[in-house]
Amino acid sequence: MIYWMSRDQRVRDNWALLYAQHMAVRQGAPLAVIFCLVPDFLGASIRQYGFMLKGLRQVEKALQANNIPFYLLVGSPPNEIVRFINKFRISSVVTDFDPLRVKTLWKHEVLEKIDIPLFEVDAHNIVPCWVASSKQEYGAYTLRPKIKKLLPFYLDEFPKLKSHPVDWRGPATKISWDRLASSLLIDTSVPEITWLEPGEQAARQLLARFVAGGLKHYVNDRNDPTLSGQSNLSPYLHFGQLSAQRAALAIAGASVPAAIKDAMLEELIVRRELADNFCHYNPSYDTFDAFPDWAKKTLNAHRRDRREFIYSRDVLEQGETHDPLWNAAQHEMVRRGKMHGYLRMYWGKKLLEWTRSPEEALQFALYLNDRYELDGRDPNGYAGIAWSIGGVHDRAWSERPIFGKIRYMSYNGCRSKFNVDKYVADTMNL
DNA sequence: ATCGGCTCGCGCAA
DNA sequence: TGCGCGAAGCCGAT
């Protein structure tokens, strides 16, 4: 029995791993965990690889302590996984669910080449994506009641991983982590970040600190980029170093007013599951085609509108527009690998305003997001960008140039909500 | 400081 | 068929 680990890179609170062990124990079979590194994964840089590899190092250790070997393969996942299955005469495979096209493709390629069962476990969401809804949802308001109904059943405590009772028969593995990082063909021009400690242990510590401290200010502070009101858990959630279910359990059990819990759980559960729902049921999630009809129509009607500012990708990447707030948000992302959640919306809206077409806006947004954000290439990012530029999960608003009926956001609006000058000054000092 | 209108379509009640 | 209301707003009137 193997667990092909991919999206959920942790040992604790991992339903895919727990399920694999459960079945292995029932069959009296040994268990191993396999991770396949792709040398050039969708333009990921050392910033993302570094964070991930440090987390995987801890995965290896924690698995060893449970008598489960960890294999790190390098190459094309379908080829490597199939080769491993044949070499070790594996009887069945468990893998974690990921709605992105590339993972779906790998999964199907593996399925074509093996004649053993492959089980897919949604270890990322609390209510499994395909259980929560069987179609693309129109907005949070259509998904929310479905999730709420199922939550009492799914939001429960995890069993503990056992020390695996059956020894693995293969040769002992020795991963040379230090050599590995330098052998990959990774873009090193985007440096690693140092303000956040990678790995599931650090993730759980941050969660505990947040629940004991920042959570009570969350509702008031989260939309003010000059305050540290956000949880900063998203990089851990993205790499699966933290289970959303673990975070939800911690928040549900916190001693703060119900309104605060609800707001945080809304973010952690409904919006994350909505993003997975979007990517899972709409494979065009990163294109104009994924926008709702009313949005396509209105954006098409405004294609020829005069644009006062048009910036090249390079000028945007350097953060050299006329708008100090936008430049600061871009700078924050480049330096820290994480842009404040509220500003991600403003940042995306302005890309629509300052580029030649919605397609170009989308292309620039995805390029910059995936290059600099620690949590790039995540359904949350795709859904967020589609919301900003294409009205996904949103509704129509007053028609105006370029945007048509897509919701607009303005510099003055930000000024009325938070201290823009302070944010710009603080951020440019990073 | 606060309020209403803007504007689309889903899902449910009837 | 009608109606309420929604992922974070904007703008102008009061």
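All figures in this text were calculated on a predicted structure; none of them were measured in a lab.
Note: CZ (A/Arg407) to C1' (C/dA8) measures 6 Å, nearest angstrom. Taking atom CD of A/Glu267 as the reference point, atom P of C/dA8 lies 12 Å away to the nearest angstrom. Rounded to an integer number of Å, the gap from OH of A/Tyr346 to C1' of C/dA7 is 19 Å. Per the geometry, CZ belonging to A/Arg400 stands 15 Å off C1' belonging to B/dG5, to the nearest Å. What separates CZ of A/Phe418 from C1' of C/dA8 is a distance of 12 Å, to the nearest Å. Atom-to-atom, OH of A/Tyr411 to C1' of C/dC11 comes out at 19 Å; the value is rounded to the nearest Å.
C/dC5 and B/dA14 have their P atoms separated by 14 Å, with the value rounded to a whole Å. Rounded to whole Å, the separation between the C1' atoms of C/dA8 and B/dG11 comes to 23 Å. One P atom belongs to C/dA7, the other to B/dT2, and the distance between them is 24 Å to the nearest Å. With both ends at atom P, the span from C/dG12 to B/dT7 equals 15 Å, rounded to whole Å.
Near DNA chain C, defined here as any heavy-atom distance below 4.0 Å, there are no residues from residues 292-300 of chain A.
Counting non-hydrogen atoms of other residues, nucleotides and ligands closer than 6.0 Å to CZ of A/Arg335 gives a total of 12 or fewer. Atom NZ of A/Lys162 is surrounded by 12 or fewer heavy atoms from other residues, nucleotides or ligands within 6.0 Å.
Secondary-structure stems of DNA chain B, taken as three or more successive Watson-Crick or G-U wobble pairs (i with j, i+1 with j-1) under a 3.5 Å distance threshold, comprise B:1-6 with C:9-14, B:8-13 with C:1-6.
Note on A/Met345: a base of the nucleic acid sits closer than 4.0 angstrom, heavy atoms only.
Residues satisfying the side-chain contact (heavy atoms from CB on, under 4.5 Å) criterion with A/Leu155, sequence neighbours excluded, are A/Ile126, A/Leu151, A/Gln245, A/Ala248, A/Leu249.
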